[in-house]
Colleague: 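One structure coming up, written as structure tokens, with questions to follow.
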Protein chains: 2
Amino acid sequence: MPALSRWASLPGPSMREAAFMYSTAVAIFLVILVAALQGSAPRESPLPYHIPLDPEGSLELSWNVSYTQEAIHFQLLVRRLKAGVLFGMSDRGELENADLVVLWTDGDTAYFADAWSDQKGQIHLDPQQDYQLLQVQRTPEGLTLLFKRPFGTCDPKDYLIEDGTVHLVYGILEEPFRSLEAINGSGLQMGLQRVQLLKPNIPEPELPSDACTMEVQAPNIQIPSQETTYWCYIKELPKGFSRHHIIKYEPIVTKGNEALVHHMEVFQCAPEMDSVPHFSGPCDSKMKPDRLNYCRHVLAAWALGAKAFYYPEEAGLAFGGPGSSRYLRLEVHYHNPLVIEGRNDSSGIRLYYTAKLRRFNAGIMELGLVYTPVMAIPPRETAFILTGYCTDKCTQLALPPSGIHIFASQLHTHLTGRKVVTVLVRDGREWEIVNQDNHYSPHFQEIRMLKKVVSVHPGDVLITSCTYNTEDRELATVGGFGILEEMCVNYVHYYPQTQLELCKSAVDAGFLQKYFHLINRFNNEDVCTCPQASVSQQFTSVPWNSFNRDVLKALYSFAPISMHCNKSSAVRFQGEWNLQPLPKVISTLEEPTPQCPTSQGRSPAGPTVVSIGGGKG
Amino acid sequence: MPALSRWASLPGPSMREAAFMYSTAVAIFLVILVAALQGSAPRESPLPYHIPLDPEGSLELSWNVSYTQEAIHFQLLVRRLKAGVLFGMSDRGELENADLVVLWTDGDTAYFADAWSDQKGQIHLDPQQDYQLLQVQRTPEGLTLLFKRPFGTCDPKDYLIEDGTVHLVYGILEEPFRSLEAINGSGLQMGLQRVQLLKPNIPEPELPSDACTMEVQAPNIQIPSQETTYWCYIKELPKGFSRHHIIKYEPIVTKGNEALVHHMEVFQCAPEMDSVPHFSGPCDSKMKPDRLNYCRHVLAAWALGAKAFYYPEEAGLAFGGPGSSRYLRLEVHYHNPLVIEGRNDSSGIRLYYTAKLRRFNAGIMELGLVYTPVMAIPPRETAFILTGYCTDKCTQLALPPSGIHIFASQLHTHLTGRKVVTVLVRDGREWEIVNQDNHYSPHFQEIRMLKKVVSVHPGDVLITSCTYNTEDRELATVGGFGILEEMCVNYVHYYPQTQLELCKSAVDAGFLQKYFHLINRFNNEDVCTCPQASVSQQFTSVPWNSFNRDVLKALYSFAPISMHCNKSSAVRFQGEWNLQPLPKVISTLEEPTPQCPTSQGRSPAGPTVVSIGGGKG
């Protein structure tokens, strides 16, 4: 039986706007007030995470995560409610094949329901209602909906909430619809927002009493009236600033600009440069000094929806002192799709640091693929996988006997990256996932704390796989630094710091030449296998078909690799690193099966009435 | 809350045996009587299907199928109950990874529960109880358990009951176990039985009044005391027997031998042979006349668990008359694992036929792969797929404008076949599955009525794929007639009969030679690509590794094919059939998602107590 709630008749100011909008047509007041529905609001914790959904900031999502219940409480604040709202999740932020909740009115009554959209974007009621509405509340800020959703519902139509990026979709219904099925794009303002929903449940370490802070902020700049801006700003450390440990950092976002500041990073410049010119301007400006290109060593990275980042209590990230540059570069990505003009901003990152150095220096290591064109993705692929290895031989040589502890990770690809995963392999068996993002977006690269610190022993293997979508490309996409080339990298943050900065691989170049010879023989000599042709040119001339594609795949999963087992400044550890065998994996990790919710956790199989309309405009 | 039932204290005779067995140890009478439990017995229909499970016939399964409820009612008759019984399903009849129900006693109390076994065969209670116990009944024959199970449970641990073969597993508990987890192989007699559980729900057509019957039966032979016997028997049609239509056939199984008669087929001999010597003996006997090898045209095929086979009302299978042999060969497969001696048998098949020919002759067409070594499976593969095509060009040429109607299908491979599927493709899109068996066994080849007649139009494509397991082989398995070679065939039964008897394909032989050249270049010339080497020899000399395997796969899914679009006696239809392009499939059928049962359909999350023990032996 649907839980039925009735509402007192107290139209709020935003309701008056809506009534005005439809006064000639439907002229209905939507009246929604506080109500306690089935279930109850979460007691154990408030909703610690917040993110604006739309660029105007009229929808704001707050949430918490319960790992024991395997469920999320969502609270959606709707600031100027029109005729309803739609919220949900989909693979990559499309409104097609999305898992949705919808609050809508038919003009008389307002309803809340779990819904889904098919591959054409048509919305349907979900026969299994897995979003459980807990509370509807009217506050001075707007209407808030509190609801709960298990991570997995065991309904094959539903989205499975996993670690990593989640693409939230939202829509603002501008007019009543006679039914859920009648909702269509014309009366709907829509968008997407990326976020990590399943934040790790790590207690915040206490700061030491001597902790200092340093703000690295844009100096009250005017946000350019264009969709995308990367703003660069150089900050100089005080002269004689000695070696310190960064132990925490957090975002400083100028109030009112929460929906515009997409991500921010603080980089340290190369120690070789004794001076870097001051600069504040778009990173692609012609005025930008070239030396800023040498400021690429990440100190801190934040993206929308993330909170403060803490180092483990026994480690800190060294900065300052001899051998370290005094110059920091702040990069702020402003995302301004509505081209709002004249907005000032001083957003940035606050570093917390201490002079009392902690026991361990934290380090950053690159796993994945070497930036080389020998690793390429054929065109028109929906899910082509490239894999980079950090071999047992390299970890045996470079890691201390007690191993290292990875506590955070930042995944990185260029534009065609869709998934990234790093798996730890011990004694030939997949042992543990270091970090995985099945809905990775190159537009959303955060440093993420791991839920669980992963220890890597000497002799372990780390395998990083990236899945690419090149459906809209006509030519092969090769590995490289260019934005139209690809990368597959996991920057892992770990301690204690070692000399190993890079543990990456690529297919052996000689075997790749065998591939070109082989497909030439099969396809009547289209590819130049002459010595003067570059690998990129060779890939460009491949006539792509299923055979050439499949054989390339076969090559990548068979041919020996060339390892980069490097210290800083590209010095390799001693040893033979060419023609290394591919690490063997004899057993793989089981896919985790979601805990299916019991029927008590579900709402009745139909929409819940949440309001009775009243009055004519 | 578990439903608790109490039982009157009336030990049956089989209980006394059990008590005797354990008199020195546990000495407990299991007392089980009639009880009505939660739910109710099926009203709509009795249980029309029956199969013995063990070779001694102490376990017998009856069942029905409800396609509206998507559920099966099972009734398990236990003839001489010892300490319990175990019944279930698994991928290929292993006790590992099986989905089970268990009736067991700890010495005091008897329990019934839904359970599962892990990859080591260890049994566990299933937290989601999807087998619903409806009735426990004591009859003069033994104990019957009536229970219900949905096709799919949406529990990832559970077996999904699909069309095609199901491997039933059973076990007889010979002693009490203190818990479900304590059950182990030592006190357990186990086995498997293959059956098609999801019988099509086709109403039996009425027989015409002039229908005659003809019994093709073994002439009271003695079943050899060995595990496997194929018995051959030649039957002669009366002289001057004119053309008739077979419209139905059914098994005749000698009473008492139900567990021994595994399958039976009736073949017609080749029309060219004016006489065939009479014979009754094992098919592999040295005494068997060579001419019997020319009796291979299937007229009827039955396997354990199947019921009568009916032709559609508008069609019949022609036999007798001019151009048709007067000799039939009966083949009976006796499966006698307990090596029972001195058992006589007269099993066979009863043909129902009519002289009043029906509107259409039924025909049999072979789809799949040509029997040629160019189609090969590398060794040590767990699921290698080979695919055969019946192209649009062939159906365009050979089928009547109104198409043909497939009403039954018999899938066929040799020993390494594990799955078979035929899909109809229309306008490049997968349209409909003709027949599919995801648990196919070469030891269980029935002619199966299709749930739904599939119409094939001129221009349609039929794609037949077989999945093979060659894990235990060291060398490639090539296509061919030998029992250690492989086939991939779907014999489809259809009407109206056409001249097209064979619509099969194989990879183009020239492209296969390109493959051998290519892997030679990659692997240092191990394969003889010289003209005198046969394809089988070439495959035998391939040094198998992932690359050579993957490239063979790539070849099979890319290279052009050679089509056999043949009339009877291997005459091809006119046209160019070599170097044909592979049919393109632009969209595939969606996997059907099972309807998840509601919580009402489930039993409580624990074992159900079904008896209270009493008395000492």
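The chains referred to below are lettered A, B, ... by the order of the sequence lines, with proteins before strands, and numbering in each begins at 1.
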Colleague: With a 4.5 angstrom heavy-atom cut-off, is it the side chain or the backbone of Leu555(A) that approaches chain B, or both, or neither?
Modeller: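 Interface part for Leu555(A): both.
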Colleague: Is the number of heavy atoms from other residues, nucleotides or ligands within 6.0 Å of CG (Asp118(B)) greater than 12?
Modeller: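 Buried by this count: over 12 neighbours within 6.0 Å.
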Colleague: Please indicate whether Asn578(A) has more than 12 foreign heavy atoms, meaning atoms of other residues, nucleotides or ligands, lying under 6.0 Å from its CG.
Modeller: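 Atom CG in Asn578(A) is crowded, with more than 12 foreign heavy atoms closer than 6.0 Å.
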Colleague: Parallel under 30°, tilted from 30 to 60°, perpendicular over 60°: which one fits the rings of Phe558(A) and Phe522(B)?
Modeller: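 Aromatic pair Phe558(A)/Phe522(B) classed tilted.
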Colleague: State the NZ-OG distance between Lys553(A) and Ser546(B), to the nearest 0.5 angstrom.
Modeller: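 Between Lys553(A) NZ and Ser546(B) OG, I get 13.0 Å after rounding to 0.5 Å.
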Colleague: Hey, is CH2 on Trp544(A) packed in by over 12 heavy atoms from elsewhere, all under 6.0 Å?
Modeller: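 Yes, enclosed.
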Colleague: Rounded to the nearest 0.5 Å, what separation is found between the CG atom of Leu552(A) and the CG atom of Asp550(B)?
Modeller: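 The CG atom of Leu552(A) sits 11.5 Å away from the CG atom of Asp550(B).
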Colleague: Within a strict 4.5 Å, meaning less than it, do heavy atoms of the Arg521(B) and His517(A) side chains meet?
Modeller: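 When only atoms from C-beta onward are counted, His517(A) and Arg521(B) do touch, with a gap below 4.5 Å.
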Colleague: Surrounding CZ of Arg429(B) (heavy atoms of other residues, nucleotides or ligands, distance under 6.0 Å), is the total greater than 12?
Modeller: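 No, not enclosed.
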